[in-house]
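In this chain, numbering begins with 1 at the start of the sequence shown.
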Amino acid sequence: MGDAVVRDVEPEVGGAGPPAAAMSPWEAARYFFMEAAERVGIDSEIVTLLARPYRELHVEVPVRMDDGRLEVFTGYRVQHSGARGPYKGGVRYHPSVDLDEVRALASLMTWKTALVDIPFGGAKGGVQVDPKALSKEEKKRLTRTYTQNIAHLLGVNRDIPAPDMGTDAQTMGWMMDAYGARYGHTPGIVTGKPLAMGGSRGRMEATGRGVALVTRETLRALGRDPEGIRVAVQGFGNVGVYAAQWLCDLGCRVVAVSDVTGGVHRPDGLDVAAVQAHVDASGGVVGFPNAWALSSDGVLEVECDVLVPAALGGVIHADNWHTVQADVIVEGANGPLTPYADWQLQRRGTVVVPDLIANAGGVLVSYFEWAQNIQQYRWSLERVNDELETLLCDAYGTIQTRAGHDGVSLRNAAFMIGVERVAEALDLRGFV
C-alpha cells in the first residue's frame, strides 16, 4: 500500500481556501474529492485510481433531420468507478455538454451512490445538442443512434442510464427499445422509464421530493419550523417544480421561481400550482400575473430563508456569492456552487446542503426501479415513498453526525463518507 495522499493543489483544511479563479466542472469535482481524501487519509494509490475515470467513450451521433440534412452530434459516456457495483448515471442533452462536464458528473455519482449506500458505481452520459431545437422524431433518432453507439458498455449488471437534463421517461423508453433490438427485451437496462414499460411509481417526482425531505431534515436540525419559511427556487423544471410543491405541503412559502425564460417573485408567496399551469400554457414562468419580474439568475439574490438552485452547475461563484441572502442553500442541481463560493458561504455561516445528498432522491428510486425490474415485481407508491424517505433521511443523519463529530461542513462530511466507502471497496476487492 502507498503513503497517505499528497495533492498537487492545497485543499482548504482551515487554510486560505480554494482559488477564486474559475474552475471547470471537473476541476471543481476533483477539488472536493482531493480535499476529502486528504481529510480521511486515503491511501495514495487508491487516490490515483479514483482521481480519474475508469473509462471515457466519445462517439459521433449522426442524425437524419426532418428536412433531409445530416447532422452529426457529439456524445459521451463516462464510467468513473464500478468498485461498489454497476455504473449508474443519467444521460444529459444540452448545448453545453462536453467531456469535462460529463467526467465531473460521473465522479459525483460515484460518491453519491456510496453516500446513500446503494450497490452502484458512478457514470454519466450526454449529447451536445439543444433538445428543444429537435422535433420528436429527430430526438428519437438521436437517442436510438446514441444508444446503439454506447450499447457495448451497457448492461443490467454493467451500466444503467437514467434521465437527466434534457431527457425524460420517453427518452429512456427509446433507449430501452434500442438496446433491446440488439440484446433482447431488457427493462432493467435503464431507469426512469414510463410506468407502462416497467418504470417505478414515484420516479418522476423522486428528486424533487428528496430535495424537500432533506430541506425538512435541515430545518429540524436547526430547530426551525418549516411553517412560513421563505423559499426561492432557481430552475422550475422537473426537480424544481416537485421540490416547490412538496415544500409548500410542508408549510413553506415559495416566494420566487425562475427558469430559462426569466423569474417571478412575490414576497407573500406564489401559488406553485398556478405557476405550473402558467408554464404549461405559455412555455415559461415569465408573465405570471401579480408577481415581480426577475432575471433567471435574479432569484439567487432574493430575500429568503432557503435557496434551492435546481438548474445548472456553477451558478453561484466568486462574483456573486455575496449577493445570496438565504442562510440555507439546498443544492437541487449538480454542482451549483463553485468551491470558492462554497467556502466563502460556509465562512459566513450559511448552511449548504450538498448535491450528493440533496438530489439523491432520483438515484434512490432508480435503484428501486432496477430492483423491481430484476425481481419482476412492482412496488406500491407508498412503499417507494417510504423506502425513499427512510434511506435518504438515514444518509442525511449520518452526514450530520459526521459533520458534528469531525467539525466539518455537511459537504466535507458527505464527500468523506462517500470517498471512504469507495476506497474500502477498492481495498477489499484487491485493486491495490
Report task. Indicate whether the side chain of Ser200 and that of Gln372 have a donor and an acceptor atom separated by less than 3.5 Å. Result -> yes
Report summary line: Correct closest heavy-atom pair for Phe288 and Val264 would be CB-CG1, 4.0 Å
Query raised in the report: Are side-chain heavy atoms of Ile399 and Leu115 found at a separation under 4.5 Å?
Result: yes
Query raised in the report: In chain order, what residues pass the side chain to side chain donor-acceptor pair (under 3.5 Å) check against Thr218, with sequence neighbours excluded?
Result: Tyr396
Query raised in the report: Without hydrogens or angle criteria, can the side chains of Ser107 and His80 be said to hold a donor-acceptor pair below 3.5 Å?
Result: no
Query - NZ or CZ of Arg144 within 45° of Trp174 ring axis and under 6.0 Å - result: no
Query - Taking every non-hydrogen atom, the tightest pair across Gly284 and His278 - result: O-CD2, 3.1 Å
**Report entry** side-chain hydrogen bond (donor to acceptor under 3.5 Å, both in side chains) assessment of Asn320 paired with Thr323
**Finding:** CA-CA 5 Å; Asn320 71 349; Thr323 67; 5.1 Å; no
Report task. Could you tell me whether the side chains of Tyr93 and Thr143 share a donor-acceptor contact shorter than 3.5 Å? Result -> yes
Query raised in the report: salt bridge (charged side-chain N to carboxylate O under 4.0 Å, His left out): which pairs involve residues 83-101, sequence neighbours left out?
Result: Arg84-Asp117, Arg92-Glu101, Arg92-Asp164
Query raised in the report: Crowded around Gln375 CD? As in, over 12 foreign heavy atoms under 6.0 Å?
Result: yes
Report task. Taking the side chain as every heavy atom from C-beta outward, state whether Ile229 and Asp305 have any atom pair closer than 4.5 Å. Result -> yes
Report summary line: When Glu301, Gln234, His265 are each screened for side chain to side chain contact (heavy atoms under 4.5 Å, CB included) with Leu294, the one that passes is His265
Query - Side chain to side chain, Trp343 and Gln346, heavy atoms closer than 4.5 Å - result: no
Requested in this report: Decide if the gap between the ring center of Phe120 and the ring center of Trp370 is smaller than 6.0 angstrom.
Outcome: yes
Query - Within-4.5 Å side-chain heavy-atom neighbours: Lys124 and Asn334 - result: yes
Report task. Enter the distance from Trp26:CH2 to Arg103:CZ here, rounded to the nearest 0.5 Å. Result -> 6.5 Å
Query raised in the report: Got a sec, which pairs hit salt bridge (charged side-chain N to carboxylate O under 4.0 Å, His left out) with one end in residues 237-259, sequence neighbours left out?
Result: none
Query raised in the report: Would you say the side chains of Thr191 and Arg203 form a donor-acceptor pair under 3.5 Å?
Result: no
Query raised in the report: Distance from Ser24 atom OG to Arg30 atom CZ, nearest 0.5 Å?
Result: 10.0 Å
**Report entry** Ring geometry between Tyr54 and Tyr87 (parallel below 30°, tilted from 30 to 60°, perpendicular above 60°)
**Finding:** parallel
Report task. Assess whether atom CD of Glu71 is packed by more than 12 heavy atoms of other residues, nucleotides or ligands within 6.0 Å. Result -> yes
Requested in this report: Verify salt bridge (charged side-chain N to carboxylate O under 4.0 Å, His left out) between Arg69 and Glu138, making sure each step is shown before the conclusion.
Outcome: CA-CA 11 Å; Arg69 292 178 298 110; Glu138 289 169 341; 5.5 Å; no
Report task. State, yes or no, whether a side-chain contact exists between Pro226 and Leu219 at a heavy-atom distance under 4.5 Å. Result -> yes
Query raised in the report: Between atom CZ of Arg209 and atom CH2 of Trp246, what is the distance when rounded to the nearest 0.5 Å?
Result: 3.5 Å
Report task. Could you note down all residue pairs passing salt bridge (charged side-chain N to carboxylate O under 4.0 Å, His left out) where residues 332-342 supplies at least one of them, sequence neighbours left out? Result -> Asp342-Arg411
Requested in this report: Output, in order, the C-alpha distance, side-chain angles, deciding distance and verdict of side chain to side chain contact (heavy atoms under 4.5 Å, CB included) for Val302 and Gln325.
Outcome: CA-CA 7 Å; Val302 165; Gln325 299 194 57; over 6 Å; no
Query raised in the report: Can you tell me if Asn359 and Glu331 form a side-chain donor-acceptor pair at under 3.5 Å?
Result: no
Query raised in the report: Is a side-chain N or O of Arg201 found less than 3.5 angstrom from the main chain of Arg378, in a donor-acceptor match?
Result: no
Query raised in the report: Does Val91 offer a backbone N or O that forms a donor-acceptor pair with the side chain of Thr167 under 3.5 Å?
Result: yes
Requested in this report: Count the heavy atoms belonging to other residues, nucleotides or ligands that lie under 6.0 Å from CZ of Arg52, then report whether that count exceeds 12.
Outcome: no
Requested in this report: Could you walk me through whether Trp379 and Glu369 pass side chain to side chain contact (heavy atoms under 4.5 Å, CB included), step by step?
Outcome: CA-CA 9 Å; Trp379 297 3; Glu369 180 178 334; over 6 Å; no
Query raised in the report: With no hydrogens and no angle check, is any side-chain donor or acceptor of Asp66 less than 3.5 Å from a backbone partner on Glu137?
Result: no
Requested in this report: Taking the side chain as every heavy atom from C-beta outward, state whether Val257 and Val299 have any pair of such atoms under 4.5 Å apart.
Outcome: no
**Report entry** With sequence neighbours excluded, residues passing salt bridge (charged side-chain N to carboxylate O under 4.0 Å, His left out) with Arg421
**Finding:** none
**Report entry** Any residue meeting side chain to side chain donor-acceptor pair (under 3.5 Å) with Gln276, in chain and number order, not counting sequence neighbours
**Finding:** Asp280
**Report entry** Verdict with reasoning, Asp130 to Lys132, per salt bridge (charged side-chain N to carboxylate O under 4.0 Å, His left out)
**Finding:** CA-CA 5 Å; Asp130 180 2; Lys132 295 180 180 179; over 6 Å; no
Requested in this report: State the CG-CG distance between Leu388 and Leu213, to the nearest 0.5 angstrom.
Outcome: 6.0 Å
Query raised in the report: Roughly how far, to the nearest 0.5 Å, is the CG atom of Leu105 from the OH atom of Tyr76?
Result: 13.0 Å
Query raised in the report: Pro336 versus Ile316: any side-chain heavy-atom pair under 4.5 Å?
Result: no
**Report entry** Side chains of Met416 and Asp406 in contact at under 4.5 Å (non-hydrogen atoms)
**Finding:** yes
Query raised in the report: With no hydrogens and no angle check, do the side chains of Asn412 and Ser409 hold a donor and an acceptor under 3.5 Å apart?
Result: yes
Report summary line: Looking only at heavy atoms, the pair that brings Pro95 and Gln128 closest together is O-CG, 3.2 Å
Query - Verdict with reasoning, Arg224 to Asp327, per salt bridge (charged side-chain N to carboxylate O under 4.0 Å, His left out) - result: CA-CA 12 Å; Arg224 298 171 67 178; Asp327 52 12; 3.3 Å; yes
Requested in this report: Count the heavy atoms of every other residue, nucleotide or ligand shown that sit under 6.0 Å from CE of Met23, and state whether that count exceeds 12.
Outcome: yes
Query - Exam field: side chain Arg141 to backbone Arg64, donor-acceptor pair closer than 3.5 Å - result: yes
Query raised in the report: Does the pair Val328 and Leu307 meet the rule for a side chain to side chain contact (heavy atoms under 4.5 Å, CB included), with working shown?
Result: CA-CA 6 Å; Val328 176; Leu307 173 63; over 6 Å; no
**Report entry** Distance, nearest 0.5 Å, that separates CD of Gln400 from CD1 of Ile357
**Finding:** 10.5 Å
Report task. Applying side chain to side chain contact (heavy atoms under 4.5 Å, CB included) between Pro86 and each of Val156, Leu154, Ile160, report the one that passes. Result -> Ile160
Query raised in the report: Do Met65 and Leu134 pass the side chain to side chain contact (heavy atoms under 4.5 Å, CB included) test, and can you show the C-alpha distance, the side-chain angles, and the key distance before you say yes or no?
Result: CA-CA 9 Å; Met65 309 302 282; Leu134 302 178; 3.8 Å; yes
